[in-house]
Amino acid sequence: MLLYPEFDPVAIRIGPLAVHWYGLTYLAAFAAFMLLGRLRLRHPPYAQLAAEGQWRTSDVDDILFTGVLGVILGGRLGYCLFYKPSFYLAQPLEIFKIWQGGMSLHGGMLGVIAAMLWFAWSRKRALLQVTDFVVPCVPAGLAFGRIGNFINGELWGRIADASLPWGMVFPQSGSFEPRHPSQIYQALLEGLLLFIVLWLYARKQRSTGKVSALFLLGYGSLRFAAEYFREPDSFLGTLGLGLSMGQWLCLPMIAGGIALWGWAHLQHSRSAAL
């Protein structure tokens with residue numbers, strides 16, 4: 001088994017200023033989005049739309065700005081509503097204490113959807129055209145976020161078999177038994193693997209909505225699987241059918257992905273028949 005290396009959460013200290021690794025992983029995620037967004041403008045149909053002046057590189061910056069707001073607001077509100085509703089309803093001012101931790105990735109995604117709704121409305125563009133552009137750029141940021149979780153020594157995995165070569169002891173878990181490094185699993189699955197699949201799929205012309213549908217299906221399924229290796233939140237444990245809160249929140253994503261894929265396929269078939 002391996003011992004968690006106990007990273008110093010502070011990457012750089014300059015006098016009273018402390019730059020945390022977790023903040024740097026967020027910056028890396030934002031930088032990756034800016035780079036990938038510009039590359040995405042070379043893919044169909046956006047290359048043609050860019051040539052016509054309907055999409056510009058400045059749109060990538062605007063999407064990033066609104067998306068960051070969506071991640072922060074949605075992630076915080078999602079955590080408060082999904083994981084500790086009674087606590088935050090009784091003490092609503094605690095919602096604003098983001099520095100104490102507590103963010104929900106599913107809530108962050110809902111926040112990003114709201115941000116994309118606003119962006120699409122403000123630019124008079126179809127929502128699915130916007131989301132099809134955005135989602136292939138998202139998994140890279142998710143991977144950086146999970147690496148940040150690992151460096152922070154948080155969101156560790158469930159207890160693993162002692163024979164697992166990469167089983168890792170996280171002393172901060174209160175147990176010295178080997179655990180799955182679930183943060184790394186998630187970085188590789190819903191980060192790297194999902195990025196490769198989506199990026200390759202989105203390089204060719206696809207029916208409107210299918211890229212977004214593949215993201216919902218892919219993320220929902222991979223996160224659902226990874227949750228079997230991640231320790232459930234101590235204040236929730238497992239819920240109905242032995243599933244974690246994260247798994248229950250993935251089920252609507254998977255269902256939505258299937259529904260959107262079917263809708264997009266039907267719309268394409270109807271257009272081809274005309």
Side-chain angles (χ1 to χ4, degrees), residues 29-30 32-34 36-75 77-78 81 104-142 190 194-195 197-199 201-221 223 249-272 274:
F30 300 153
F33 183 90
M34 292 182 68
L36 294 172
R38 282 160 171 74
L39 294 175
R40 185 86 175 100
L41 284 174
R42 303 177 185 178
H43 297 168
Y46 304 100
Q48 180 63 32
L49 293 172
E52 296 171 357
Q54 297 184 48
W55 276 80
R56 299 176 295 275
T57 54
S58 59
D59 290 329
V60 178
D61 301 332
D62 294 341
I63 288 173
L64 176 61
F65 178 75
T66 56
V68 168
L69 292 178
V71 166
I72 295 173
L73 296 177
L77 291 175
L81 293 174
S104 163
L105 200 146
H106 292 91
M109 287 187 179
L110 290 175
V112 169
I113 291 173
M116 294 307 98
L117 274 168
W118 182 86
F119 179 86
W121 173 80
S122 67
R123 303 301 170 90
K124 296 181 173 56
R125 295 175 188 169
L127 174 62
L128 288 177
Q129 183 189 99
V130 176
T131 57
D132 281 352
F133 176 85
V134 169
V135 294
C137 308
V138 170
L142 298 180
E190 64 204 45
L194 184 58
F195 167 73
V197 171
L198 276 173
W199 194 258
Y201 182 76
R203 287 177 60 122
K204 297 182 179 180
Q205 181 74 48
R206 303 294 179 183
S207 304
T208 301
K210 279 199 170 181
V211 177
S212 300
L214 183 59
F215 173 80
L216 290 172
L217 273 169
Y219 178 82
S221 301
R223 173 68 185 269
L249 293 174
C250 284
L251 294 178
M253 292 186 69
I254 296 171
I258 293 172
L260 181 56
W261 184 279
W263 177 87
H265 185 74
L266 182 61
Q267 292 297 110
H268 178 73
S269 299
R270 287 176 176 174
S271 299
L274 294 177

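Please read all numbers here as calculations on a predicted model, not as lab measurements.
By the salt bridge (charged side-chain N to carboxylate O under 4.0 Å, His left out) test, Arg206 pairs with no residue at all, sequence neighbours left out. Among residues two or more places apart in sequence or in another chain, the side-chain contact (heavy atoms from CB on, under 4.5 Å) test is passed with Ala259 by none. Contacts of Gln48 classified as side-chain contact (heavy atoms from CB on, under 4.5 Å), with partners at least two apart in sequence or in another chain: Glu52. Take Ser207 and apply the side chain to side chain donor-acceptor pair (under 3.5 Å) test, not counting sequence neighbours, and it matches His268. Not counting sequence neighbours, the partners of Phe195 by the ring pair (Phe, Tyr, Trp, His ring centres under 6.0 Å) test are Trp199. Every residue was checked against the ring pair (Phe, Tyr, Trp, His ring centres under 6.0 Å) condition with Phe215, not counting sequence neighbours, and none meets it. Legend: residues meeting side-chain contact (heavy atoms from CB on, under 4.5 Å) with Ala32, ordered by chain and number and at least two apart, are Ala140, Phe144.
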After noting the C-alpha distance and the side-chain angles of Val211 and Phe133, does the key distance pass the side-chain contact (heavy atoms from CB on, under 4.5 Å) rule? CA-CA 8 Å; Val211 177; Phe133 176 85; over 6 Å; no
Checking Leu260 against Leu128 for the side-chain contact (heavy atoms from CB on, under 4.5 Å) test, could you report, in this order, the C-alpha distance in whole Å, the side-chain angles of both residues, the deciding distance, and whether it holds? CA-CA 10 Å; Leu260 181 56; Leu128 288 177; 4.1 Å; yes
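Under the 3.5 Å distance criterion, the side-chain polar atoms of Tyr219 are left unmatched by any main-chain donor or acceptor of Pro139.
Between Phe119 and Trp55, the ring-plane angle classifies as tilted under the 30° and 60° cut-offs.
A side chain to side chain donor-acceptor pair (under 3.5 Å) check over residues 131-140, counting only residues at least two apart or in different chains, returns the pairs Thr131-Ser212, Asp132-Ser212. Residue pairs that meet the salt bridge (Lys or Arg N to Asp or Glu O under 4.0 Å) test with at least one member in residues 36-48, sequence neighbours left out, are Arg38-Asp61. Within the structure, side chain to side chain donor-acceptor pair (under 3.5 Å) contacts touching residues 253-265 (residues at least two apart or in different chains) are Lys210-His265.
In this structure, the separation between CG on Leu217 and SG on Cys250 is 11.5 Å, given to the nearest 0.5 Å. For the atom pair Arg223 CZ and Met253 CE, the distance stands at 9.0 Å (nearest 0.5 Å). Considering CG of Leu41 and CG of Asp59, their distance stands at 7.5 Å, rounded to 0.5 Å. The distance from the CG atom of Leu127 to the OG1 atom of Thr208 is 11.5 Å, given to the nearest 0.5 Å.
Heavy-atom minimum distance, Ala29 versus Gly141: CB-CA, 3.6 Å.
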Can you give each donor-acceptor pair under 3.5 Å made by side-chain atoms of residues 62-70, sequence neighbours left out, with the distance rounded to 0.1 Å?
{"from": "Asp62", "atom 1": "OD2", "to": "Arg123", "atom 2": "NH2", "distance (Å)": "2.6"}
{"from": "Thr66", "atom 1": "OG1", "to": "Asp62", "atom 2": "O", "distance (Å)": "3.1"}
{"from": "Thr66", "atom 1": "OG1", "to": "Ile63", "atom 2": "O", "distance (Å)": "3.1"}

